[in-house]
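Right, one structure below, let's go through it.
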Amino acid sequence: MGGRHLNTLWTFVVDHRSQLLVDSYLHVSAVVQAVVLATVIAVLVGVAVQHSPWGSALSTAVASIILTVPSFALLGILIPIMGLGVRPTVTALVLYALLPILRNTIVGLAGVDPAISDAARGAGMNRLRVLGRIELPLAWPSILAGMRISTQMIMGILAMAAYAKGPGLGNLIFSGLARLGSPTAVPQALTGTVLIIVLALLLDGVLVLVGRLTTRGIRD
């Protein structure tokens, strides 16, 4: 029985490999875009509030509240404003990805030794140069750790974006679940689920590699 199901699954993958590759690419692309946008926003906010305990607490609280909103509810709010498709999907992903990156940005910047920043300013560096050359590079490992958490989290959340006709493998899962009882329903849903897990692991591996390449000087 198990062998027959495995054979059906393999047959489905082979027969639909082109579409699976396209859906996988769209899934990864949406996640990468969302994480990059969320990182830019989170770092800017983190820099703005780094010396304000009140500002740090408020921004983290807002990002936390957003994360508690169910994905279907958030998409339901965004669809009347942005319509269906990529725009509400990426917007929702960016909002969900903010908290880990923002929190780690604030923690990373707070962990920079003030004596180092003071010494850099004493050497003639202005605020922007101290931030760009000293503080952000030292906070980068913490920021990257937040990016890894956000990436893994929104890989699964993106599957729900099929509700908004968003891109990715969620459409495959929803389509399979809607056709339960047909021979290919379970293989279809299972293939989409497994691919999301595999892609999440691959993306995490890429970020680990990025971390090793970009933090070598900091570790040394």
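For reference, positions follow the sequence shown, starting with 1.
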Would you check if the side chain of S29 reaches a backbone N or O of Y25 as a donor-acceptor pair within less than 3.5 Å? no
Non-hydrogen side-chain atoms of L136 and V47 separated by less than 4.5 Å: yes
Nearest 0.5 angstrom please: L169 CG to I197 CD1, how far? 11.5 Å
Between N171 (side chain only) and G166 (backbone N and O only), is there a donor and an acceptor less than 3.5 Å apart? yes
Which heavy atom of A38 sits nearest to which heavy atom of L98, and what is that distance? O-CD2, 3.6 Å
Pairwise side-chain contact, L26 with V86, heavy-atom cut-off 4.5 Å (strictly under): no
Answer yes or no: is there a side-chain heavy-atom contact under 4.5 Å between L131 and Q50? yes
Taking all non-hydrogen atoms of both residues into account, name the closest pair between Q188 and S175 and its distance. NE2-OG, 3.0 Å
Any chance you could measure T60, atom OG1, to I106, atom CD1, to the nearest 0.5 Å? 3.5 Å
Shared ILVMFWY cluster between Y96 and V32, side chains joined below 4.5 angstrom? yes
Residues in side-chain hydrogen bond (donor to acceptor under 3.5 Å, both in side chains) contact with R148, at least two apart in sequence or another chain: D204
Minimum heavy-atom separation for L75 and A92, please, with both atom names. CD2-CB, 4.1 Å
To the nearest 0.5 angstrom, please state how far the CG atom of L195 sits from the OG atom of S24. 4.5 Å
V208 with I101, same ILVMFWY side-chain cluster at under 4.5 Å: no
Find out if a path of hydrophobic residues (ILVMFWY) with successive side-chain heavy-atom gaps under 4.5 Å connects L99 to V40. no
Transitive ILVMFWY side-chain link L138 to V130, under 4.5 Å: yes
Qualifying ring pair (Phe, Tyr, Trp, His ring centres under 6.0 Å) pairs with a residue from residues 173-205, counting only residues at least two apart or across chains: none
Heavy-atom closest contact (P88 atom, L78 atom, distance): O-CD1, 3.6 Å
Spacing of NE2 belonging to H27 relative to CG belonging to L199, to within rounding of 0.5 Å: 7.0 Å
Find the distance between CE (M160) and CG (L74) and round it off to the nearest 0.5 Å. 13.5 Å
Greater than 12 external heavy atoms within 6.0 Å of F72's CZ: yes
Give me the atom names and distance for the closest heavy-atom approach of I173 to A189. CG1-O, 3.8 Å
The reported gap from CE in M147 to CG in N104 (rounded to nearest 0.5 angstrom) is 11.0 Å
Identify the two heavy atoms, one from L102 and one from G46, that lie closest to each other, and give their separation to 0.1 Å. CD1-N, 3.8 Å
Under a 3.5 Å distance rule, please check whether T68 uses its side chain to pair with a backbone N or O of I65 as donor and acceptor. yes
Determine whether L67 and M153 make a side-chain contact, defined as any pair of heavy atoms from C-beta on separated by less than 4.5 Å. yes
Membership question, hydrophobic clusters at under 4.5 Å side-chain separation (ILVMFWY): are I41 and I149 in the same one? no
